[in-house]
Amino acid sequence: MTGELSPIDKAKFVAAKRSVDYVEDGMRVGLGTGSTAAWMVRCLGELVREDGLKIRGVPTSTRTAELAREVGIEVISLDEARWIDVTIDGADEFDGNLNLIKGGGGALLQEKIVATASDQMIVIADVGKEVEKLGAFPLPVEVIPFGWQTTKSLIEELLISMDVLGRDATLRMNGDSAFITDEGNYILDLHLGRIGNAHQLAMVLNQMPGVVENGLFIDICDVVILGYGDGRVETRDINEGTVEEDRLDFVETDNLFTDLQD
Ligand code: 5RP
């Protein structure tokens with residue numbers, strides 16, 4: 001135990017804890033990336049180690065793969081799995097239609113491929129991730145390094161005809177160097193403020209040469225599990241049209257709370 005968790009971390013934890021109820025024996029499970037997804041991987045690991053849950057995990061980044069192995073989850077590639085039963089991942093923003101912005105952790109490409117290859121995508125989030133309109137969080141766009149400055153200028157020009165408030169794109173950095181994704185690409189963060197038509201933007205961005213993928217996840221997420229700092233959990237299912245509320249006991253002595261890096 002490394003000390004008292006912040007309300008946001010508690011919210012992330014309870015959302016993660018609830019999400020593993022969707023996982024059953026024999027499933028191939030897409031494992032998301034980020035601090036909320038890391039809680040989920042730890043919860044799944046506990047079920048594997050202590051309850052004998054039999055699953056195979058398909059990680060969406062090298063760091064999630066490392067964590068999954070560390071906590072005892074069998075890791076397989078998407079090519080080995082071919083298809084996934086359920087993917088559980090975090091998000092940077094979600095709206096009322098459960099459309100998302102993802103990629104704050106730089107793993108949006110694998111995350112989108114894995115989520116799209118899943119029967120069900122579940123997003124786990126703290127309450128601060130909910131927005132009326134997507135776009136306050138800078139939209140990550142993965143681009144190939146070749147000619148990235150030209151791609152950046154072309155994206156900024158393209159944004160003039162889009163329904164957005166801002167048009168600046170910045171290269172994501174890691175210290176003094178460009179941040180490099182697991183696929184060896186760069187990330188441009190688009191400071192849009194507000195995205196009027198996320199469907200349209202997602203499509204036109206991907207038509208730009210040099211763009212590999214963008215962080216808009218449109219019509220991919222099925223369920224959002226929203227955690228609150230006091231242990232409340234709200235589960236919204238867009239297909240069923242249901243909203244369920246629940247409360248989880250928060251066990252401070254839980255060994256999940258040690259040495260979480262993400
Ligand atoms: C990584 C992601 C993450 O899911 C997203 O950034 C949310 O992260 P966190 O759970 O740490 O808030 O898209 O690419």
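Sequence positions, counted from 1, serve as the residue numbers for this chain. Both counts, for ligands and for their atoms, begin at 1 and track the order of listing.
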Suppose I only count heavy atoms of Gly103 and a 4.0 Å limit; which atoms of ligand 1 are within that range?
2 (C), 13 (O), 14 (O)

Is there a path of hydrophobic side-chain contacts, each under 4.5 Å between heavy atoms of I, L, V, M, F, W or Y residues, that connects Val75 with Ile88?
no

Judging by distance only, is a nitrogen or oxygen of Thr33 under 3.5 angstrom from one on ligand 1?
yes

Would you say Ala37 and ligand 1 have an N/O pair spaced under 3.5 Å apart?
no

Strictly distance-based, threshold 3.5 Å: is any side-chain N or O of Arg236 a donor or acceptor partner for the main-chain N or O of Val224?
no

List every atom of ligand 1 that sits less than 4.0 Å from any heavy atom of Gly90, numbering the atoms from 1 in the order shown and giving each element.
4 (O)

Answer yes or no: does atom CG of Leu154 have more than 12 heavy-atom neighbours from other residues, nucleotides or ligands under 6.0 Å?
yes

Can you confirm, on distance only, whether ligand 1 has an N/O atom lying under 3.5 Å from any N/O atom belonging to Gly105?
yes

Check each atom of ligand 1 against the heavy atoms of Lys12 and keep those under 4.0 Å away; list them by number with element.
12 (O)

Can you name the atoms of ligand 1, numbered from 1 with element, that are less than 4.0 Å from a heavy atom of Asp92?
5 (C), 6 (O), 7 (C), 13 (O)

Is ligand 1 less than 4.0 angstrom away from at least one heavy atom of Gly32?
no

Using a 4.0 Å cut-off to any heavy atom of Gly34, which atoms of ligand 1 qualify?
11 (O)

For ligand 1, which atoms have a heavy atom of Gly104 less than 4.0 angstrom away?
6 (O), 13 (O), 14 (O)

Check each heavy atom of Asp89 against ligand 1 and say whether those closer than 4.0 Å belong to the side chain, the backbone, both or neither.
side chain

Residue pair Val223 / Tyr22: nearest heavy atoms and the distance that separates them
CG1-OH, 3.8 Å

Does atom CD (Glu80) have a neighbourhood of more than 12 heavy atoms from anything else shown, all under 6.0 Å?
yes

Gly106: numbered ligand 1 atoms lying under 4.0 Å from its heavy atoms
14 (O)

Check: Glu156 side chain, Ala169 main-chain N or O, donor-acceptor pair, under 3.5 Å:
yes

For ligand 1, does Ala91 get within less than 4.0 Å through its side chain, its backbone, both, or neither, judged by non-hydrogen atoms?
backbone

Can you find a heavy atom in the side chain of Glu74 that is under 4.5 Å from one in the side chain of Ile55?
no

Close side-chain approach of Asp89 to Lys102, heavy-atom, < 4.5 Å
yes

Check whether Thr36 reaches the backbone of Lys12 with its side chain - one donor and one acceptor, N or O, closer than 3.5 Å.
no

